[in-house]
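If you're wondering where the values come from, they're calculated on a predicted model, not measured in any experiment. Letters go in sequence order (proteins before strands), and every chain restarts at 1.
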Amino acid sequence: MTVLAVAEHRQGELRDVSLEAVTAGRQLADDTGGDLHVAVISGDVDAFAETLAADAVDTVHKVDYGDEFNHDVYTQAVEQLYESVGASKLLIPNTVNGLDYAPAVTGRLDIPLVTDVVDFDANGQLTATREMYGGKVETELDVEGSEFAVTIRPTEWEPAEAGGGADVVDADVEIDESQIGSTVTGFEAAATGDVDLSESEFIVSIGRGIDEEDNLDLIEDLADTLGADLGASRPLVDNEWLPKNRQVGQSGKVVTPDVYIAIGISGAVQHVAGMKGADTIIAINTDPSAPIFDIADIGVVGDLFDVVPELIEEFEG
Amino acid sequence: MKVLVTVKEVAQPEDDFEIAGNQIQEKFLEYDLNEWDDYAVEEAVQLKEENDEVDEVVGVTIGPERSEETIRMALAKGVDRAVRVWDDPMEGGENLDAHSKAEVLAAVVEEEDPDLVFTGVQADDSSLGATGVALADLLGWQWAAVVNQFDYDLDSEVANLHRELEGGVEEVTEVEAPAVFTIQTGINEPRYASLRGIRQAQSKEIAVKNLDDVGVDASAVESRVTLQEMYEPESESDTEYIEGGAAEQAAGVAEVLRDKGVAE
């Protein structure tokens, strides 16, 4: 019952989720009584393999082809490695790139795929835990058969200790260039602007609960009064009510302030990924079951349009 | 040239809801067009408006009769006609097997023979995030997941696009058509349906097809992934709640802020 886990890197750096995938892969291998193989594809595979050769790993397979992620290369390499190591379980990071090849490779292997998994139990049949409805519920899914793939949510597993005694081998993989139909031509930084929220010590952040663009004045007023920087959740930036550099979350800024006040923010996982490192999280939301309260230190169940004016008054004296 | 866009009616629970068995009780659910699909529809409609060569935008959905109300919204926003696939074996809850859904969509794509397909990155309810890429590979087409900037060259049939990666970084990529693009929110500004659009949508066609019609065997829609349990996640935090009216709550927050030394 061999497990194949796939590492992820970008612009020369192995991403944190790779060593988390090693931990999750070890768990899966232990559950099913098998070996853990890790694939590292493209880029500086020698250096990456050294990090990935953790004691928890049996063998690291290097696929030295190209520099950056390309879904056609990954799809071909993972499909071939899965077959050649005799794997029956596949573990891929649930990232933008992971979701750019996992559905394709599992389609070709004809194995079921469960995405964004936060926990699993593979003693016997696989039961995978994942959220639905934007984190409002958790579900347990049973997966048919002994072969399957999961994509694991980042930061749900502890990273494995880097380096160790695992075997490192060159993978026996043939990439068919005629099957590569996409080309990565570069990278661009999306967020630029006057404020770098990753440096902020105090952030007042606003979400969908603001309802209308005109209401933003209230929150800007609060941020000014408190001397805090203004952040926002994704929908406000999508609506162009605030510039991209104000976006806190997975695809925006990762922030680590002393205090983070989340106002009218439900706390979707993509947002939480960007702000859970704050020392103190204060959440103001009308919905008592909003996921933001799961990570808040201080909770205020109330209407922001009632609470925020009172809060401004507290500091205006 | 033809563009196809997949749309899904999604259920969203109200703030307070109850679970019965392994489903949220129907009375606590509200139905709407999937947020990501709204952006996918806009991207498809804009492509048609900006290029005379694009003759038609066709919407495709998998859903029961109830979903037609939502599909009409897409028609009101400029989709020319829609195909809705539904059949008895699909009753009884959401299919959580992305490959199985892709089989059904692929059958419609093969029949419609579009040049490009737009889908949302994921659905609000199930959040699989996998159906679009599964569809592309099943068709033997190219694809790009999580597209937040899109430019299509009709002559070379190459899409120049950005994929939104984590941490404020975008990948710049060229993709050869035919291809499936999963569209991220924020890529455009989805329009509101105009009154005229809503009126016109009433006379646009929604072709209803069963599995036989699209040539998919019932076994293909048997999910290999089964929902066994649904529950509200237990809060792991020890959140301290500030009770009382707005003034008392504000005073409580103020005390915390002073205590932490971030505001005076």
Side-chain angles (χ1 to χ4, degrees), chain A residues 95-96 99-100 102-104 107-108 112-116 132-134 136-145 181-191 202 226-227 237-238 250-254 258-259 280 282 287 289 293-302 306-307 310-311 314-315, chain B residues 12-13 15-16 19 24 96-99 124-130 133-134 137-138 142 144-146 163-176 185-186 224-233 235-237 239-242 246-247 249-251 253-254 256-257 260 262-263:
Chain A
T95 55
V96 171
L99 291 171
D100 198 40
R108 291 181 195 186
L113 167 68
V114 185
T115 57
D116 204 14
M132 274 179 71
Y133 301 109
K136 285 197 161 187
V137 304
E138 233 167 57
T139 61
E140 310 253 325
L141 305 181
D142 279 1
V143 179
E144 211 175 272
S182 66
T183 315
V184 179
T185 57
F187 294 93
E188 277 181 22
F202 184 18
L226 295 176
V237 175
D238 280 350
Q250 194 180 75
S251 51
K253 291 286 181 185
V254 174
D258 295 335
V259 175
T280 301
I282 302 172
D287 176 6
S289 67
F293 289 120
D294 293 340
I295 58 147
D297 300 290
I298 307 289
V300 172
V301 178
D306 297 330
V307 178
E310 295 283 354
L311 190 53
E314 283 282 335
F315 289 92
Chain B
Q12 283 297 305
D15 285 354
D16 293 306
I19 294 168
I24 293 175
L96 294 169
D97 188 338
H99 292 294
D124 279 318
D125 47 7
S126 51
S127 310
L128 297 180
V133 174
D137 197 57
L138 197 57
Q142 261 300 323
V146 194
R163 295 179 56 235
E164 185 189 74
L165 305 178
E166 293 86 358
V169 175
E170 296 179 5
E171 179 197 282
V172 186
T173 306
E174 294 173 359
V175 178
E176 298 163 10
T185 60
R224 297 168 292 182
V225 180
T226 320
L227 181 63
Q228 286 302 333
E229 234 185 298
M230 180 183 286
Y231 46 90
E232 291 191 61
S235 175
E236 285 165 13
S237 79
T239 307
E240 183 191 322
Y241 285 93
I242 302 175
Q249 290 177 322
V253 172
V256 174
L257 296 178
K260 298 288 170 193
V262 291

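The minimum heavy-atom distance between Phe293(A) and Thr239(B), with the atom names listed, is O-OG1, 2.7 Å. Closest approach of His99(B) to Leu113(A), counting heavy atoms only: NE2-CB, 4.2 Å. In plain terms, the two heavy atoms of Val96(A) and Ala145(B) that are nearest each other are CG1-O, 4.4 Å. Of all non-hydrogen atoms in Pro103(A) and Ala130(B), the two that sit nearest each other are CB-O, 3.4 Å.
Scored by the side chain to side chain donor-acceptor pair (under 3.5 Å) test, Thr173(B) finds Glu171(B) as partners (sequence neighbours excluded). Glu310(A) is linked by a side chain to side chain donor-acceptor pair (under 3.5 Å) to nothing, counting only residues two or more places apart in sequence or in another chain.
Residue contact with chain B, scored on non-hydrogen atoms closer than 4.5 Å, involves the side chain of Ile282(A) exclusively. Within the 4.5 angstrom heavy-atom criterion, atoms from both the backbone and the side chain of Val225(B) approach chain A. Residue Ala247(B) touches chain A through both its backbone and its side chain, counting heavy-atom pairs closer than 4.5 Å. Val256(B) touches chain A through its side chain: at least one heavy atom from C-beta onward sits under 4.5 Å away, while N, CA, C and O do not. Looking at Gln142(B), the atoms closer than 4.5 Å to chain A (heavy atoms on both sides) all sit in the side chain, from C-beta outward. For Phe202(A), the part lying under 4.5 angstrom from a heavy atom of chain B is the side chain only. Looking at Leu165(B), both its backbone and its side chain come within 4.5 Å of chain A, counting heavy atoms on both sides. Contact annotation for Asp125(B): both backbone and side-chain heavy atoms come within less than 4.5 Å of a heavy atom of chain A. The part of Asp137(B) that comes within reach of chain A is its side chain, from C-beta onward, which places non-hydrogen atoms under 4.5 angstrom from that chain. Only the side chain of Thr280(A) comes within contact range of chain B, with at least one heavy atom under 4.5 Å from a heavy atom of that chain.
With respect to the salt-bridge test (charged N to carboxylate O, under 4.0 angstrom), the residues Arg163(B) and Asp100(A) qualify.
By the neighbour-count criterion of 12 heavy atoms within 6.0 Å, atom CD of Glu240(B) is sparsely surrounded, having that number or fewer from other residues, nucleotides or ligands.
No donor-acceptor distance shorter than 3.5 angstrom exists from the side chain of Thr139(A) to the backbone of Met230(B), with no hydrogens or angles considered. Checking side-chain atoms of Thr115(A) against main-chain N and O of Leu128(B) turns up a donor-acceptor pair under 3.5 Å.
Rounded to the nearest 0.5 Å, atoms CD1 (Ile24(B)) and NZ (Lys136(A)) are 8.0 Å apart. We find the CZ-CG distance between Arg224(B) and Leu141(A) to be 13.5 Å, quoted to the nearest 0.5 Å. Rounded to the nearest 0.5 angstrom, Met132(A) CE and Leu227(B) CG are separated by 6.5 Å. Here the straight-line distance linking atom CD of Gln249(B) with atom CG of Leu311(A) works out to 11.0 Å at 0.5 Å rounding.
The residue among Glu229(B), Gln12(B), Glu176(B) with the most heavy atom pairs within less than 4.5 Å of chain A is Glu229(B). Most heavy-atom pairs under 4.5 Å with chain B, from the set Asp306(A), Thr185(A), Val237(A), Val143(A): that is Thr185(A). Ranked by heavy-atom pairs shorter than 4.5 Å toward chain B, the options Val137(A), Asp142(A), Val307(A) are led by Asp142(A). Considering only heavy-atom pairs separated by less than 4.5 Å from chain B, the leading option among Gln250(A), Glu188(A), Glu144(A) is Glu188(A). Among Ala98(B), Ser126(B), Ala144(B), the residue with the largest count of heavy-atom pairs under 4.5 Å with chain A is Ser126(B). Among Ile19(B), Val169(B), Asp16(B), Val146(B), the residue with the largest count of heavy-atom pairs under 4.5 Å with chain A is Val169(B).
Contact check for Ile242(B) versus Ile298(A): side-chain heavy atoms found under the 4.5 Å cut-off.
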